[in-house]
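Let me begin by presenting the structure, written as structure tokens, before commenting on it.
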Protein chains: 2
Amino acid sequence: MPEQTTGPRPTLEAVAARAGVSRATASRVVNGGAGVRAPLVEKVLRAVEELGYVPNHAARTLVTRRNGAVAVIIAEPEFRIFSDPFFEQQVRGISRELTAHDAQLVLLWVEGPGDHERIARYLGGGHVDGALAFSLHSDDALPTVIERARIPMVFGGRPAPGTDPTVPFVDCDNRGGAREAVRHLVGLGRRNIAHISGPADQTSAIDRIHGYRDVLLDADPALLGRGDFTEESGARAMAELLDRRPDVDGVFVANDLMASGALRTLRERGVRVPEDVAVVGFDDMASVVERTVPALTTVHQDIEGMGRLMVKLLMRLLDGTGAEIPASVITPTSLIRRASA
Amino acid sequence: MPEQTTGPRPTLEAVAARAGVSRATASRVVNGGAGVRAPLVEKVLRAVEELGYVPNHAARTLVTRRNGAVAVIIAEPEFRIFSDPFFEQQVRGISRELTAHDAQLVLLWVEGPGDHERIARYLGGGHVDGALAFSLHSDDALPTVIERARIPMVFGGRPAPGTDPTVPFVDCDNRGGAREAVRHLVGLGRRNIAHISGPADQTSAIDRIHGYRDVLLDADPALLGRGDFTEESGARAMAELLDRRPDVDGVFVANDLMASGALRTLRERGVRVPEDVAVVGFDDMASVVERTVPALTTVHQDIEGMGRLMVKLLMRLLDGTGAEIPASVITPTSLIRRASA
DNA sequence: CCACTCTCTGAGAGCGCTCCCAGGGAGTGG
DNA sequence: CCACTCCCTGGGAGCGCTCTCAGAGAGTGG
């Protein structure tokens, strides 16, 4: 039990004195004890325990130039990005992996261009060892701002073209997943397969369109609907699709939320799923997938795992000599078959 | 424009040399420039600019014993606490206020009792100046763990009895808001007013029940339904209520999510709102309130403001001599009348 | 038993900053 | 014009830690 001494916190000096060793030896023990003989290690450890010693982080950082903290930059050009379950899972993965590496998560919430300078200063100020950011709309200036801080970083999601290509990213195989989804519909014998895509300025949406086109090389443009990843937009896009091409018998929707909206429209119009129209989503978001009627067939991606991977890449970047840049990672997706297709 | 010098970051020493002043003077300027004559301030500022100087945080912390970071402790005994819009708003308020105080937000994500020791070590290690935590179920051991770290902190939500009473908290006037809601129903001429409450181990739910009872001193116990703050539980509680007391003509529901569920049940049973049964919620959560049919009359609370207040209290705690403990704050609520009551 | 190697330990020099304190310069009254 | 006060400024110590480097001690071979 640590002594409940009031007053200033004990220093390494105090530990060393109590253990009867030098500060250097005490330091070695505290940092793993390599190269110190067992009896001394024992003594120092006991002193640490008795004094309730906790290393002073600032002092350590001052000399090691490492502070064991990583910034997670959350930009909020739109509403709801934080309450987004997708986002939550990713941050959770990051948090867990960071904990495993004994690193802290510093949250940088960007509310608008006015915050950019503040963020850049913070990043450049050496408060954190590295940064994690998420790919945004292609017209966002934030990536550039971050890059200028010249601090190790990793993106979540493939960044828009034009972003510094030396920054590694973690993304799921959007294109491959989309292909698998569409192939599944084809395998079901569907002939008029539509796609409801996400915003054109997001790489994930673009990649999914590409996957759709990879399989359906010359699909009728009328079979291409567009949404913005919200449920409402999915419902609307589905309605328009039905108007344009009443003979549609399969839809690959770029995310589960929009798929849920599409399902609603279908139900409202009396179209049977999957009998008349088979529907496949993307994301395998538990909160959505479990509630749709019928249960949604969708493309699964390991979101938490992607968060963890971002941290792993960053750690490699941090540990490395600086010369080698870890390659970006594309994580696999898998089709989860449920009732809707 | 800062010079794009590669290599180590410039130190205060370098700035001082360039400005032709001593390190002490440069330091004074960087920290506000009080007591330094204008021309020198000017010179130092220019040197800072030219060198692209950014203060070394660790060095500063080492001597000032202040590190400009505040921990936000997020416990996740249940699912979804992070994707909860309530929570999001509160964290946003915290983030904004922290930014205003030039302080950083360090996110501590607690996933279970296994993390407690880690959290305690971190908090005790002087990595942060203070901590912000949210009141949890009464049987949670976390508050105790945090308290042992003996670090300035503020709770969000009135903590359960038994928690250290010297820790200030910020909560909305749950009881008063509930009273207002029920009085509104009374004013509408409703005679059989029910209440659907939240989990019995959460102070907010308890306070709201008290508010209900304050107005309806001898309400029939059969008019008291119980949920767990989820939409589903609200729907179920409403159904049971309808079965027990078909003559119910008003319901005060302890949160909007449950109210939304209750509204659904009412609609399914063909009960008209507000004609047959008037419904009042609590929270005024935009995402829920805007979607219900009819639009939900509810008790508004300034969630973001509460987050900001938490930070303000903490800052006062930090700045104070340590003797005076700022009082907890109860923020006002207000009834927002919409169509449901 | 001595010389040499190898392992372990401790002294000391900073890391970059703040802040105390002493000293210098300007300003003012006699 | 001198003495005294007041405001600025700079020197220097030290925050708590890590890490280099040299030296002490143990072990080994000749």
Side-chain angles (χ1 to χ4, degrees), chain A residues 5 7-45 47-48 51-69 102 121-122 124-129, chain B residues 5 7-45 47-48 51-69 102 121 124-129 319:
Chain A
T5 30
R9 280 169 42 197
T11 68
L12 234 207
E13 189 79 52
V15 172
R18 181 156 192 138
V21 299
S22 74
R23 208 174 52 246
T25 298
S27 172
R28 275 186 277 262
V29 172
V30 169
N31 290 291
V36 179
R37 243 169 311 177
L40 282 198
V41 170
E42 185 71 14
K43 268 203 265 184
V44 173
L45 252 25
V48 164
L51 259 26
Y53 169 76
V54 182
N56 180 311
H57 190 239
R60 181 176 280 177
T61 298
L62 186 57
V63 36
T64 60
R65 277 121 203 301
R66 277 286 221 111
N67 49 31
D102 226 27
R121 283 188 67 83
Y122 185 75
H127 294 71
V128 292
D129 295 331
Chain B
T5 31
R9 281 169 42 198
T11 68
L12 234 208
E13 188 78 53
V15 172
R18 182 156 193 137
V21 300
S22 74
R23 206 172 55 244
T25 298
S27 172
R28 275 186 277 262
V29 173
V30 168
N31 290 291
V36 179
R37 244 169 310 179
L40 281 199
V41 170
E42 183 73 12
K43 267 202 267 183
V44 172
L45 253 25
V48 165
L51 258 27
Y53 170 77
V54 181
N56 180 312
H57 189 239
R60 181 176 280 176
T61 297
L62 186 57
V63 37
T64 59
R65 274 117 205 301
R66 278 287 222 109
N67 49 32
D102 226 26
R121 283 189 67 82
H127 295 71
V128 291
D129 295 331
D319 291 339

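Remember, predicted model here, so these are calculated numbers, not experimental data. In what follows, every chain begins at residue 1, and chains take the letters A, B, ... in the order their sequences are listed.
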Could you tell me how far apart [X] ([atom1]) and [N] ([atom2]) are, to the nearest whole angstrom?
X: A/Arg66; N: D/dC19; atom1: CZ; atom2: C1'; result: 16 Å
X: B/Asn67; N: C/dC17; atom1: CG; atom2: P; result: 16 Å
X: A/Asn56; N: D/dC17; atom1: CG; atom2: C1'; result: 8 Å
X: B/Arg9; N: C/dC15; atom1: CZ; atom2: P; result: 14 Å
X: A/His57; N: D/dT18; atom1: NE2; atom2: C1'; result: 14 Å
X: A/Leu12; N: C/dC15; atom1: CG; atom2: P; result: 19 Å
X: A/Arg60; N: C/dG16; atom1: CZ; atom2: P; result: 18 Å

(Q) Under the rule for side chain to side chain donor-acceptor pair (under 3.5 Å), what residues qualify as partners of B/Ser22, not counting sequence neighbours? (A)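 Checked B/Ser22 against side chain to side chain donor-acceptor pair (under 3.5 Å); matches are B/Thr25.
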Q | With sequence neighbours excluded, residues passing side chain to side chain donor-acceptor pair (under 3.5 Å) with B/Thr61 | A |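 Testing B/Thr61 for side chain to side chain donor-acceptor pair (under 3.5 Å), a comparison that skips the adjacent residues, returns none.
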Q. Counting just side-chain N and O atoms, does B/Arg65 come under 4.0 Å of either OP1 or OP2 of D/dG16?
A.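 So the side-chain polar atoms of B/Arg65 do come within 4.0 Å of the phosphate oxygens OP1 or OP2 of D/dG16, strictly under.
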Q: Respond yes when some side-chain nitrogen or oxygen of B/Asn31 is under 4.0 Å from OP1 or OP2 of C/dT18, and no when none is.
A: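 So the side-chain polar atoms of B/Asn31 do come within 4.0 Å of the phosphate oxygens OP1 or OP2 of C/dT18, strictly under.
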Q. Would you say A/Leu40 and A/Val29 make side-chain contact, with heavy atoms under 4.5 Å?
A.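 SC-SC contact between A/Leu40 and A/Val29 ruled out.
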Q. Between the two end axes of the helix from C/dC1-D/dG30 to C/dG30-D/dC1, each built from 5 base pairs, what angle do you get to the nearest 10°?
A.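 Its terminal axes enclose an angle near 50°.
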Close N/O contacts between protein and nucleotides 5-14 of chain D (under 3.5 Å):
unit_1: D/dC8; atom_1: O3'; unit_2: B/Arg37; atom_2: NE; d: 3.4
unit_1: D/dC8; atom_1: O3'; unit_2: B/Arg37; atom_2: NH2; d: 3.2
unit_1: D/dT9; atom_1: OP2; unit_2: B/Arg37; atom_2: N; d: 3.1
unit_1: D/dG10; atom_1: OP2; unit_2: B/Ser22; atom_2: N; d: 3.0
unit_1: D/dG10; atom_1: OP2; unit_2: B/Ser22; atom_2: OG; d: 3.3
unit_1: D/dG10; atom_1: OP2; unit_2: B/Thr25; atom_2: OG1; d: 2.8
unit_1: D/dG10; atom_1: N7; unit_2: B/Arg28; atom_2: NH2; d: 2.9
unit_1: D/dA13; atom_1: N6; unit_2: B/Arg23; atom_2: NH2; d: 3.0

Q) Can you list every salt bridge (Lys or Arg N to Asp or Glu O under 4.0 Å) pair that touches residues 33-44 of chain B, not counting sequence neighbours? A)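 Not a single pair qualifies under salt bridge (Lys or Arg N to Asp or Glu O under 4.0 Å).
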Q.
Whether the side chain of B/His57 engages the backbone of A/His127 through a donor-acceptor N/O pair (distance < 3.5 Å, no angle test) should be reported.
A.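 Looks like no, no N/O pair under 3.5 Å.
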Side chain to side chain contact (heavy atoms under 4.5 Å, CB included) against [X], all qualifying residues, sequence neighbours excluded:
X: A/Val54; answer: A/Arg9
X: B/Ala69; answer: B/Asn67, B/Gln104, B/Val106, B/Val128
X: B/Ala14; answer: B/Pro10, B/Thr11, B/Leu51

Q | Partners meeting salt bridge (charged side-chain N to carboxylate O under 4.0 Å, His left out) with A/Glu13 (sequence neighbours left out) | A |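 Counting only residues at least two positions away or on another chain, A/Glu13 forms a salt bridge (charged side-chain N to carboxylate O under 4.0 Å, His left out) with A/Arg23.
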